[in-house]
Asks: 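I am attaching a structure below and will ask some questions about it afterwards.
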Amino acid sequence: MDGVGSFGAGRTGTAVDPITFAKQPQTILRVLSWIFSLVVFASIVNEGYVNLGSERLHCVFNRNGDACNYGVFVGLVGLLACSFFFLLDYKFSSISSVKDRKKAVMLEIGFSGFWTFLYFVSFCFLANQWSRTKVNDLPLNQGADAARAAIAFSFFSIITWAGLTVRAVQKYLLGTDMTLFTTEHMDGAAPTQPYPSNSPGSGPAETTEAYQSPPFTENNTAPTYQVPIY
C-alpha cells in the first residue's frame, strides 16, 4: 500500500496530487469498474429487449424479464457506487477523524465484497438464460451482441470489484499511525492550539520566585563571658 499515516492516507490536510492519484491501482480499478458497469447497464437498456411482432418487448435472455431487470439493477447501482467511492477516495486524506476514516474503509470493504458477489450471480444468471435462448426468440439475431457484452462485462466486473475489495482490506489492515493524530482528531473534533504566553489573549504570566534559605553556618568559636561591673 502506498502512503503513510492513517489507513493508507497521509496526514490530515495533505494536498492530493491528481497525477499520483490517477496512477494508483485503486483508482484504475475504480475507473474500470465504472466502465464495465456502464457497459452492462447500457447494453441491456438499449438492445436487451426485442419486439417479436407485437407491441410487447421481450428480454433477449430467454424472454426472462427478471434477467434483464437484474442486469440493469446491478449495472446501474454499480455505476453510481463507483462514482461515490471515487469521490471518497479523492477526499479521503481530508478526513481528520480516525474513526471516520475507519468507517469509510469498512463501508468500502462491505460494499465491494457484496457487489463482487452480485456480479458473480449476474454472470451466472445471464449466461444460463442466454444458453437457453432459442434461435426463434431472436429474429435476425437481434440483441445478440448486447447479450454477449452484458455477460462478458459482468465477468470482468467480478475481477475489478474483487480487486477493489482486496485493496480496501489492505487499507484496513494497514491501520493507523496514532502519532500523526491528536486526541481531538480521534474524537472527531478539530485540534486547538494553546495561546502562547506573549499573545494578547493570554493572561499575565505568573512568575514564582524560588525562596532559598541562607546556608547554615556553624560557629565553632566559644562565646565570651564578661564579668558584670557593680
Side-chain angles (χ1 to χ4, degrees), residues 18 21-92 103-169:
F21 176 77
K23 293 181 179 180
Q24 291 180 353
Q26 182 171 335
T27 304
I28 297 174
L29 289 173
R30 191 83 67 194
V31 173
L32 290 177
S33 298
W34 189 90
I35 295 175
F36 296 164
S37 296
L38 177 63
V39 173
V40 173
F41 168 74
S43 297
I44 299 177
V45 170
N46 293 333
E47 301 181 22
Y49 296 90
V50 295
N51 189 338
L52 301 177
S54 63
E55 296 181 356
R56 183 179 179 181
L57 296 177
H58 298 276
C59 179
V60 295
F61 295 99
N62 195 29
R63 296 191 180 186
N64 188 344
D66 293 336
C68 287
N69 293 335
Y70 184 83
V72 170
F73 168 75
V74 174
L76 178 59
V77 177
L79 182 69
L80 297 177
C82 284
S83 302
F84 169 76
F85 283 110
F86 183 85
L87 180 61
L88 182 62
D89 291 340
Y90 191 79
K91 297 293 185 180
F92 190 76
K103 292 177 182 179
V105 174
M106 293 181 65
L107 175 63
E108 183 179 357
I109 293 175
F111 187 89
S112 298
F114 182 60
W115 229 248
T116 302
F117 172 74
L118 290 187
Y119 264 116
F120 175 76
V121 174
S122 175
F123 169 74
C124 296
F125 188 23
L126 297 181
N128 176 265
Q129 293 300 309
W130 178 247
S131 64
R132 296 183 180 184
T133 303
K134 300 177 182 179
V135 179
N136 297 332
D137 294 338
L138 298 177
L140 301 177
N141 209 23
Q142 296 180 14
D145 293 338
R148 296 188 184 96
I151 295 173
F153 283 94
S154 292
F155 176 78
F156 297 151
S157 296
I158 298 174
I159 301 175
T160 56
W161 280 98
L164 289 172
T165 304
V166 173
R167 293 291 297 182
V169 171

Asks: More than 12 heavy atoms of other residues, nucleotides or ligands under 6.0 Å from OH of Tyr49: yes or no?
Replies: yes

Asks: Return the minimal non-hydrogen interatomic distance between Ala147 and Val60, and the atom names on each side.
Replies: CB-CG2, 4.0 Å

Asks: Measure the CZ-CD1 distance between Phe125 and Ile151 for me, rounded to the nearest 0.5 Å.
Replies: 11.5 Å

Asks: Where do Leu32 and Phe156 land on the side chain to side chain contact (heavy atoms under 4.5 Å, CB included) test, with the steps shown first?
Replies: CA-CA 9 Å; Leu32 290 177; Phe156 297 151; over 6 Å; no

Asks: Is there side-chain contact between Cys68 and Ile44, with at least one heavy-atom pair below 4.5 Å?
Replies: yes

Asks: Which pair of heavy atoms, one from Arg132 and one from Asn62, lies closest together, and at what distance?
Replies: O-OD1, 3.3 Å

Asks: So, taking the atom named CZ in Arg167 and the one named OG in Ser112, what distance separates them when rounded to the nearest 0.5 Å?
Replies: 12.0 Å

Asks: Locate the shortest heavy-atom distance separating Ser37 from Ser157; write the atom from each residue and the value.
Replies: N-OG, 4.3 Å

Asks: Is the shortest side-chain heavy-atom distance between Trp161 and Leu29 below 4.5 Å?
Replies: no

Asks: Between Phe92 and Phe85, is the ring centre distance below 6.0 Å?
Replies: no

Asks: I'd like to know if the side chain of Thr165 reaches the main chain of Gly113, judged simply by a donor and an acceptor atom lying under 3.5 Å from each other, with no hydrogens or angles considered.
Replies: yes

Asks: Taking atom CG of Leu88 and atom CD of Glu108, what is their separation to the nearest 0.5 Å?
Replies: 7.0 Å

Asks: Do Trp115 and Leu164 have side-chain heavy atoms sitting under 4.5 Å apart?
Replies: no

Asks: Counting only pairs under 3.5 Å, give me each side-chain donor-acceptor contact of residues 70-83, with atom names and distances, residues two or more places apart or in other chains.
Replies:
residue : atom : partner : partner atom : Å
Tyr70   : OH   : Leu118  : O            : 2.9
Ser83   : OG   : Trp34   : NE1          : 3.2
Ser83   : OG   : Leu79   : O            : 3.2

Asks: Check ring pair (Phe, Tyr, Trp, His ring centres under 6.0 Å) between Phe155 and all other residues, then give those that pass, not counting sequence neighbours.
Replies: Phe123

Asks: Hey, could you give me the OG1/CZ distance between Thr27 and Arg30, rounded to the nearest 0.5 Å?
Replies: 8.0 Å

Asks: Can you name the closest pair of heavy atoms from Leu126 and Ala67 and give their distance?
Replies: CD2-O, 3.4 Å

Asks: Does any N or O in the side chain of Ser43 come within less than 3.5 Å of the main-chain N or O of Ala150, such that one atom is a donor and the other an acceptor?
Replies: no

Asks: In the structure I gave you, are the side-chain heavy atoms of Val50 and Leu57 within less than 4.5 Å of one another anywhere?
Replies: no

Asks: For residues Ser33 and Thr160, report the shortest heavy-atom separation together with the two atoms involved.
Replies: OG-OG1, 3.0 Å

Asks: Ring centres of Tyr119 and Phe36 under 6.0 Å apart?
Replies: no

Asks: Distance from Arg63 atom CZ to Gln129 atom CD, nearest 0.5 Å?
Replies: 13.0 Å

